[in-house]
Chemist: 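Pasting a structure below so you can have a look.
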Amino acid sequence: PPGAPPFFNCPMPPPPCLLTTGSMRRKAIPQPSHPLKSFNWHKLAENRIGGTLWSEIDDLRAFTVLDLEDFEKMFSAYQRQQKELGSNEDLYLTIRKVKELSVIDGRRAQNCVILLSKLKLSNEEIKRAILQMDEQEDLPKDMLEQLLKFVPEKSDVDLLEEHRHETERMARADRFLYEMSRIDHYQQRLQALFFKKKFAERLAEAKPKIEGILQASKELCQSKRLKQLLEVVLAFGNYMNKGQRGNAFGFRVSSLNKIGDTKSSIDRSITLLHYLIMIFEKNYPEILNIHVDLLHVPDAAKVNLAELDKEINNLKNGLKALESELEYQRNRTRTSEDKFVPVMSDFITVASFSFSEMEDLLAEAKDKYSKMLKYFSEEEARMQPDEFFGLFDTFLQSFSEARHDLENMRRKKEEEERRARMEAMLKEQREKERRLKKSRAGSVTEEVGEFDDLVSALRSGEVFDKDLSKLKRSRKRSGSQLLENSRERAVSKLNY
């Protein structure tokens with residue numbers, strides 16, 4: 001009877017709802033009448049259940065309460081469509097004929113379909129391109145990168161395998177993932193193909209960065225202009241600084257970018273950097289072309305050595321992974337369509353040689369950079385290339401800007417001097433015109449007076465007098481009187 005105690009020393013039989021298969025228990029779970037959508041959970045192994053809340057839970061009891069028929073309608077793996085709204089029938093019962101089978105997550109399936117529509121290849125064409133290592137160049141690099149995001153996961157493969165007899169009913173994304181999962185080492189092949197297509201590009205991006213560090217290190221050590229510049233700066237620094245800050249035998253490179261902070265006591269727009277450039281123009285004109293000696297410094301200032309090392313290691317690991325996959329593919333039976341082994345064998349031979357050259361170049365650049373830091377008495381552990389070369393790059397930019405400042409100052413001064421000269425010339429011209437006008441007015445007055453005196457002398461007969469001095473005195477008096485009369489007439493006109 002229910003509730004009766006079990007026999008002592010006898011093991012309890014399994015509950016009627018559990019089936020024992022070897023060491024595993026199999027639950028008597030009701031089976032749906034047709035495939036359902038999956039619930040993407042992480043299942044716990046049975047040996048982890050003991051002593052947890054899961055040992056206290058019996059999900060089989062829930063099946064006596066749940067409406068499984070309704071659940072099947074709501075979560076069927078077959079995509080169904082509802083009837084038009086306005087029907088009085090229950091929405092759950094308004095399911096039309098089955099169209100497609102889909103067990104993949106809806107958003108992921110949609111993105112996969114979008115990718116396939118851009119690729120414009122059938123599943124069979126994609127499969128052939130992957131097996132033949134894309135000899136026909138059907139798969140662009142960007143599309144390969146996207147395909148890697150849609151590699152079938154184990155959960156996808158397990159679900160798709162359950163419906164392997166219904167491939168014709170599968171939705172586009174489901175069928176694509178299913179067919180790709182049938183390719184042995186599909187993900188590894190895809191990664192190998194993508195690595196092959198990107199290898200030359202990645203090498204071409206890394207090489208200029210390595211050469212930038214190498215060449216910039218050489219330039220800083222070999223530049224005579226830089227050495228002379230540092231010599232002048234050291235001289236001025238020792239001349240300006242007293243006590244503990246003075247009597248220096250050298251200075252940190254970062255000090256170069258503080259030169260512009262010291263301003264003139266006479267003109268605040270002039271800094272020590274401006275003054276140095278004026279000294280260089282006068283006494284060391286060659287220093288003005290210092291940028292010619294340091295052409296690679298700006299590029300080297302952009303190189304992050306840690307990221308460069310990481311990229312080189314990624315390439316190295318990629319080649320190793322490729323060699324491992326090549327070994328695996330060599331040891332398996334292949335079809336005539338499978339070109340992985342011959343194609344990747346040739347690629348690895350060439351790629352390994354190119355990569356070896358790159359590694360040697362990087363080692364040389366690091367060695368040269370390390371020696372260069374010691375040459376400038378800088379601590380290697382504290383100075384990464386982008387920081388160290390960045391100091392010189394910043395200084396070169398400030399140096400160039402200061403030269404432009406001086407040119408603008410000189411141009412402005414020349415314009416002011418030219419304007420002052422023009423104003424002086426105009427002033428002088430106006431003064432000349434004023435004096436000329438005045439002299440012309442006096443000359444006309446004098447000529448009028450002489451004519452009047454002559455007429456008067458003719459009438460009086462004085463013109464025949466031997467004493468001409470009277471005539472001259474009379475002319476002067478007449479001229480003065482005439483000038484006075486003209487003034488009176490002018491005043492009377494104004495009053496009128």
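Everything numeric here is computed off the predicted structure, so don't read it as measured data.
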Chemist: Would you say that more than 12 heavy atoms from the other residues, nucleotides or ligands in this model lie under 6.0 Å from the CZ of R410, or not?
Modeler: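 Yes - once you tally the heavy atoms of other residues, nucleotides and ligands closer than 6.0 Å, there are more than 12.
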Chemist: Ignoring hydrogens and geometry, is there a side-chain-to-backbone donor-acceptor pair from D405 to H274 under 3.5 Å?
Modeler: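 No, D405 side chain to H274 backbone: no donor-acceptor pair under 3.5 Å.
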Chemist: Quick check: closest heavy atoms across G212 and A300, and the distance to 0.1 Å?
Modeler: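 Closest approach of G212 to A300, heavy atoms only: O-CB, 3.6 Å.
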Chemist: Run E281 and R403 through salt bridge (charged side-chain N to carboxylate O under 4.0 Å, His left out) and show every step you take.
Modeler: CA-CA 10 Å; E281 288 174 340; R403 288 192 68 186; 5.0 Å; no
Chemist: A side-chain contact here means heavy atoms from C-beta on lying under 4.5 Å apart; do Q191 and V151 qualify?
Modeler: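 Not touching, per the 4.5 Å side-chain cut-off.
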Chemist: Compare every heavy atom of F195 with every heavy atom of L315, then report the nearest pair and how far apart it is.
Modeler: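 Looks like O-CZ, 3.7 Å.
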Chemist: Would you confirm whether D367, through its side chain, and A363, through its main-chain N or O, come within 3.5 Å as a donor-acceptor pair?
Modeler: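 Between the backbone of A363 and the side chain of D367 there is no qualifying donor-acceptor contact (under 3.5 Å).
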Chemist: With a 6.0 Å cut-off (strictly less than), is the heavy-atom count around CZ of F347, excluding the residue itself, greater than 12?
Modeler: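 Atom CZ in F347 is crowded, with more than 12 foreign heavy atoms closer than 6.0 Å.
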Chemist: With salt bridge (charged side-chain N to carboxylate O under 4.0 Å, His left out) as the criterion, how do E179 and R175 come out once you've worked through the C-alpha distance, each side chain's angles and the decisive distance to 0.1 Å?
Modeler: CA-CA 6 Å; E179 292 186 6; R175 184 160 184 174; 2.9 Å; yes
Chemist: When you compare the side chain of K368 with that of C221, does any pair of heavy atoms fall below 4.5 Å?
Modeler: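 Answer no - side chains too far apart.
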Chemist: Does the side chain of R189 reach to within under 4.5 Å of the side chain of D338, using non-hydrogen atoms?
Modeler: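 R189 vs D338: side chains touch.
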Chemist: Where the side chain of E378 meets the backbone of V253, is there a donor-acceptor pair that is under 3.5 Å apart?
Modeler: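 A pair under 3.5 Å: yes.
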Chemist: Whether the side chain of E311 engages the backbone of L308 through a donor-acceptor N/O pair (distance < 3.5 Å, no angle test) should be reported.
Modeler: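 Judged by distance alone, no pair lies under 3.5 Å.
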Chemist: Which of parallel (below 30°), tilted (30 to 60°) and perpendicular (above 60°) describes F280 and Y284?
Modeler: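 Answer is perpendicular, since the angle exceeds 60°.
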Chemist: Using side-chain heavy atoms (C-beta onward) and a distance below 4.5 Å, is M358 in contact with F353?
Modeler: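 Contact flag for M358/F353 side chains = no.
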Chemist: Given side chains that start at C-beta, do those of K197 and E137 come closer than 4.5 Å, heavy atoms only?
Modeler: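 Heavy-atom side-chain distance check passes, below 4.5 Å.
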Chemist: For F389 and A216, which heavy atoms make the closest approach, and how far apart are they?
Modeler: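 Nearest pair, atom of F389 first, then A216: CE2-CB, 3.6 Å.
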Chemist: Using every non-hydrogen atom in the two residues, find where F395 and I259 come nearest and quote the distance to one decimal.
Modeler: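 Heavy-atom minimum between the residues: CE1-CD1, 4.2 Å.
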Chemist: Parallel, tilted or perpendicular: which one describes the rings of F388 and F392, with boundaries at 30° and 60°?
Modeler: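 F388 vs F392 ring planes: perpendicular.
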Chemist: Going by heavy atoms in the side chains, are L406 and I277 under 4.5 Å from each other?
Modeler: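 A side-chain contact under 4.5 Å exists here.
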Chemist: For R108 and N111, which I'm curious about, is there any donor-acceptor pair between the side chains at under 3.5 Å?
Modeler: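 The answer is no; no qualifying pair exists.
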Chemist: Just wondering, do L272 and V233 contact through their side chains at under 4.5 Å, heavy atoms?
Modeler: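 Answer no - side chains too far apart.
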Chemist: Closest heavy-atom contact between S223 and L294?
Modeler: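 Scanning both residues, the minimum pair turns out to be CB-CD2, 4.1 Å.
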Chemist: Mark yes when over 12 heavy atoms from residues, nucleotides or ligands other than M409 sit less than 6.0 Å from its CE; otherwise mark no.
Modeler: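 More than 12 heavy atoms, drawn from other residues, nucleotides or ligands, come within 6.0 Å of this atom.
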Chemist: Side-chain donor-acceptor pair under 3.5 Å between R252 and S377, yes or no?
Modeler: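 No, because no side-chain N or O of R252 sits under 3.5 Å from a partner of the opposite role on S377.
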Chemist: Do T394 and N257 meet the criterion of a side-chain donor-acceptor pair at a distance under 3.5 Å?
Modeler: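 No, N257 and T394 have no side-chain donor paired with an acceptor closer than 3.5 Å.
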Chemist: So, does N289 use its side chain to make a donor-acceptor pair with the main chain of V292 at under 3.5 Å?
Modeler: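 No; zero donor-acceptor contacts below 3.5 Å.
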Chemist: Please answer whether the main-chain N or O of Q429 pairs with a side-chain N or O of R434 as donor and acceptor at a distance below 3.5 Å.
Modeler: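 No: the side chain of R434 does not pair with the backbone of Q429.
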Chemist: Within the structure provided, determine whether T271 and Y275 are in side-chain contact (heavy-atom separation under 4.5 Å).
Modeler: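 Not touching, per the 4.5 Å side-chain cut-off.
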Chemist: Given 3.5 Å as the limit, does a donor-acceptor pair link the side chain of S370 with the main chain of K366, or not?
Modeler: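 Pair absent, no side-chain N/O of S370 close to backbone of K366.
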Chemist: Which heavy atom of S102 sits nearest a heavy atom of A171, and at what distance?
Modeler: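 Smallest interatomic distance, heavy atoms only, reads CB-CB, 4.1 Å.
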Chemist: Check step by step if salt bridge (charged side-chain N to carboxylate O under 4.0 Å, His left out) holds for K302 and D386.
Modeler: CA-CA 6 Å; K302 300 172 186 175; D386 54 342; over 6 Å; no
Chemist: Checking the side chain of D174 only, and the main-chain atoms of M170 only, is there a donor and an acceptor separated by less than 3.5 Å?
Modeler: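 Looks like no, no N/O pair under 3.5 Å.
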Chemist: Go through R172 and S117 one step at a time and tell me if the side-chain contact (heavy atoms from CB on, under 4.5 Å) criterion holds.
Modeler: CA-CA 10 Å; R172 188 178 183 189; S117 63; 4.3 Å; yes
Chemist: Looking at Q146 and L115, would you say the former's side chain and the latter's main chain have a donor-acceptor pair under 3.5 Å?
Modeler: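 Checking the backbone N and O of L115 against the side chain of Q146, no donor-acceptor pair under 3.5 Å is found.
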Chemist: List the residues meeting side chain to side chain contact (heavy atoms under 4.5 Å, CB included) with H185, not counting sequence neighbours, and say none if there are none.
Modeler: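 So H185 forms a side chain to side chain contact (heavy atoms under 4.5 Å, CB included) with Q188, E325, Y328, Q329.
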Chemist: Decide whether Q397 and D393 meet the rule of one side-chain donor and one side-chain acceptor closer than 3.5 Å.
Modeler: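 Yes, because at least one side-chain N or O of Q397 sits under 3.5 Å from a partner of the opposite role on D393.
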Chemist: Tell me if a side-chain donor or acceptor on D134 pairs with a main-chain N or O of I130 at a distance below 3.5 Å.
Modeler: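 Not at all, since once roles are kept as given, no pair shorter than 3.5 Å links the two residues.
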